[in-house]
Amino acid sequence: MYDAIYVKHEHRTVLPDLESAEHGVVMRFAPNPSGPLHIGHARAAVLNDAYVKQYGGRYILRIEDTDPKRVDPKAYEMVKEDIGWLGLGITETVTQSERLPLYYDLCRQLIEKGGAYVCTCDNEHFRELKQAKTACPCRDQPVEKNLNLWEKMLDHTLKEGEVTVRIRTDLNHPDPAMRDFPAFRILDTPPHPKVKAHVYPLMNFSVVADDHLLGVTHVIRGKDHIANTRRQRYIYDHFGWKVPVYRHYGRMGIEGVVLSTSQMRLGINEGKFTGWDDIRLGTLRALARRGISPDAVKNAVLAIGIGDTDISFSWDNLYAENKKIVDPVANRYFFVPDPVTAQIDGAKPHTAHAMLHPGDAARGTRTLAFEGTVLLPGREITPDVTMIRLKDLFNVKITWNGSIPTFSYAGDSLAEARATKAHIIQWLPGQESVHCTILTQEGEMSGACEPRVKEELGKVVQFERVGFVKIDAVDNDGVRAYFTHT
RNA sequence: GCUGCUAUAGUGUAGUCCGGCCAAUCAUGCGGGCCUUUCACGCCCGCGACUGGGGUUCGAAUCCCCAUAGCAGCACCA
């Protein structure tokens with residue numbers, strides 16, 4: 001009884017309900033194939049995906065490639081790879097460049113209905129008229145003339161820059177962005193990589209056409225589309241179509257990375273970045289390369305939700321999500337940064353058995369054989385340090401002669417090490433280790449790691465007292481890893 | 001400039017629609033402690049916010065107004 005009263009104060013952890021979704025939804029993710037997907041795309045993709053999963057229905061991937069200037073032929077494949085990595089429940093895929101005839105047909109219908117006209121005014125001139133809330137001469141020409149001009153567009157009698165199909169809206173609308181916005185234009189260059197065409201719809205037209213044709217019921221997109229939603233409503237009204245339910249979430253900035261595809265491309269071309277998966281980039285493939293799990297991205301994005309406030313995406317929150325996923329599965333190994341070789345006097349050969357995972361003994365151990373010398377992290381061996389414990393091995397006493405340390409065996413007792421507050425540090429057998437480079441977003445960390453790390457290629461492991469890393473490459477020179485997070 | 005949207009701790013978020021249970025949730029971060037053969041994980045304690053000002057009301061994070069700030073759009077991009 002009281003529970004019901006206090007329910008209001010519970011922390012809601014699921015996304016808010018969508019209206020009119022009780023009987024299932026049809027939603028879509030509609031990227032422009034100009035490059036691989038980044039975190040910004042992931043928000044749209046994951047949010048829509050989550051709602052489709054919640055209510056049931058179809059989830060359409062729609063490739064919006066109606067502007068040949070903004071199409072990178074390689075992006076079609078990259079987008080699909082990224083979606084596969086995210087594990088979205090896409091049920092069907094359509095590509096807009098393959099649907100041009102559908103748009104042409106609808107455009108003709110719209111012209112016949114008087115909802116659109118073919119404008120031959122100069123752009124600058126039209127813009128001035130628009131600002132002045134004045135109709136251009138083409139606006140009132142008869143349907144027949146519009147149809148005739150439309151034919152001339154299609155048969156290419158008219159050339160790029162000479163005509164624009166406009167949607168008839170309201171010239172007195174207080175927002176100039178709403179007034180008779182464009183729907184089609186001619187583009188001769190560059191050629192479209194997928195289709196031979198010269199008449200292309202603008203986003204507002206093709207989106208409405210497809211949302212209607214595909215039966216889209218709900219649209220979740222960024223608030224940069226709010227004005228488009230308003231414009232698109234005019235097209236729905238002209239056709240008498242049912243308008244989907246819209247939700248617009250706020251802008252998302254990300255600390256420290258560029259999200260603009262064109263900026264990233266520029267950086268890659270200039271050699272500033274190594275490629276689309278350069279770990280300094282916010283692309284999904286960069287995150288994957290660094291060992292971020294797709295589920296971590298999903299969880300982080302869902303936690304943000306669909307609020308319409310502008311937010312800044314925090315790496316901390318993503319890392320926390322990722323750690324929850326990766327910590328239980330990552331094997332533990334020793335990595336010694338800036339290694340120094342130390343001979344341990346008075347120590348007999350020992351064999352250390354260290355657990356692959358402290359919380360899962362069943363996973364077994366790794367074996368490290370001590371035969372007289374060890375590699376130690378140089379930074380930890382400073383003159384104020386007189387006793388250390390090599391983890392899973394034994395205690396070592398350090399005596400300093402000026403700045404020259406001498407290492408000697410000091411017993412196996414863990415209790416003793418604790419009593420002296422000796423640091424327990426990671427180490428490697430002097431006779432057996434492999435070179436290892438860890439690449440972080442800030443730079444490189446050089447050191448050595450256990451040979452067995454070579455078997456973890458492609459996986460995320462934890463270097464004890466260093467952090468989680470993804471093993472990116474293994475060769476004769478050693479191991480290259482990307483730093484994931486601490 | 002015009003049009004519109006938004007405003008809760010360092011970050012994200014719940015609560016705002018339908019005012020009282022909110023001395024404001026949860027997570028992350030940070031500080032401290034415990035546990036531990038990792039500076040990880042886990043556990044405990046703590047820090048930290050309703051943008052400002054008016055108004056309505058017995059009562060405002062919640063409703064109204066103004067201010068301020070941020071954002072978006074005003075493309076033959078999506």
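Basis for what follows: all heavy atoms, side chains included, without hydrogens, waters or symmetry-related copies. The chains referred to below are lettered A, B, ... by the order of the sequence lines, with proteins before strands, and numbering in each begins at 1.
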* For E464(A) and K391(A), what are the C-alpha separation, side-chain angles and deciding distance, and is it a salt bridge (charged side-chain N to carboxylate O under 4.0 Å, His left out)? -> CA-CA 10 Å; E464(A) 294 189 35; K391(A) 186 164 183 283; 2.9 Å; yes

Using the [atom1] atom as the reference point in each nucleotide, state the distance between [N] and [M] in Å, no decimals.
N	M	atom1	answer
U68(B)	A24(B)	P	32 Å
U57(B)	C64(B)	P	16 Å
U16(B)	A60(B)	C1'	11 Å

Which nucleotide wins on minimum distance to the side chain of [X], given the candidates [options]?
X	options	value
D316(A)	A40(B), U37(B), U28(B)	U28(B)
N317(A)	U28(B), C74(B), A75(B)	U28(B)
Q131(A)	C74(B), U37(B), C39(B)	C74(B)

Could you list all N or O pairs between the protein and nucleotides 2-6 of chain B that sit under 3.5 Å apart?
unit_1, atom_1, unit_2, atom_2, d
C2(B), O2', P174(A), O, 3.1
G4(B), O2', R230(A), NH2, 3.4

* **Watson-Crick and G-U pairing of RNA chain B, under 3.5 Å, as dot-bracket with | and [ ]** => (((((((..(((.......[.....)))((((((.......))))))...(((((..]....))))))))))))....

* Asked: Phosphate oxygens OP1/OP2 of C41(B): is one of them under 4.0 Å from a side-chain N or O of K323(A)?
  -> yes

* Phosphate-side-chain proximity, R418(A) and U37(B), N/O vs OP1/OP2 below 4.0 Å -> yes

* Determine the contact category for E380(A): base if any of its heavy atoms lies under 4.0 Å from a base atom, sugar-phosphate if only primed atoms, P, OP1 or OP2 are that close, otherwise nothing. => base

* Asked: How would you label the contact of H248(A) with the nucleic acid (heavy atoms, under 4.0 Å): base, sugar-phosphate, or nothing?
  -> nothing

Please tabulate, one pair per line, each protein N/O and nucleotide N/O from nucleotides 63-68 of chain B that are separated by under 3.5 Å, including the distance.
none

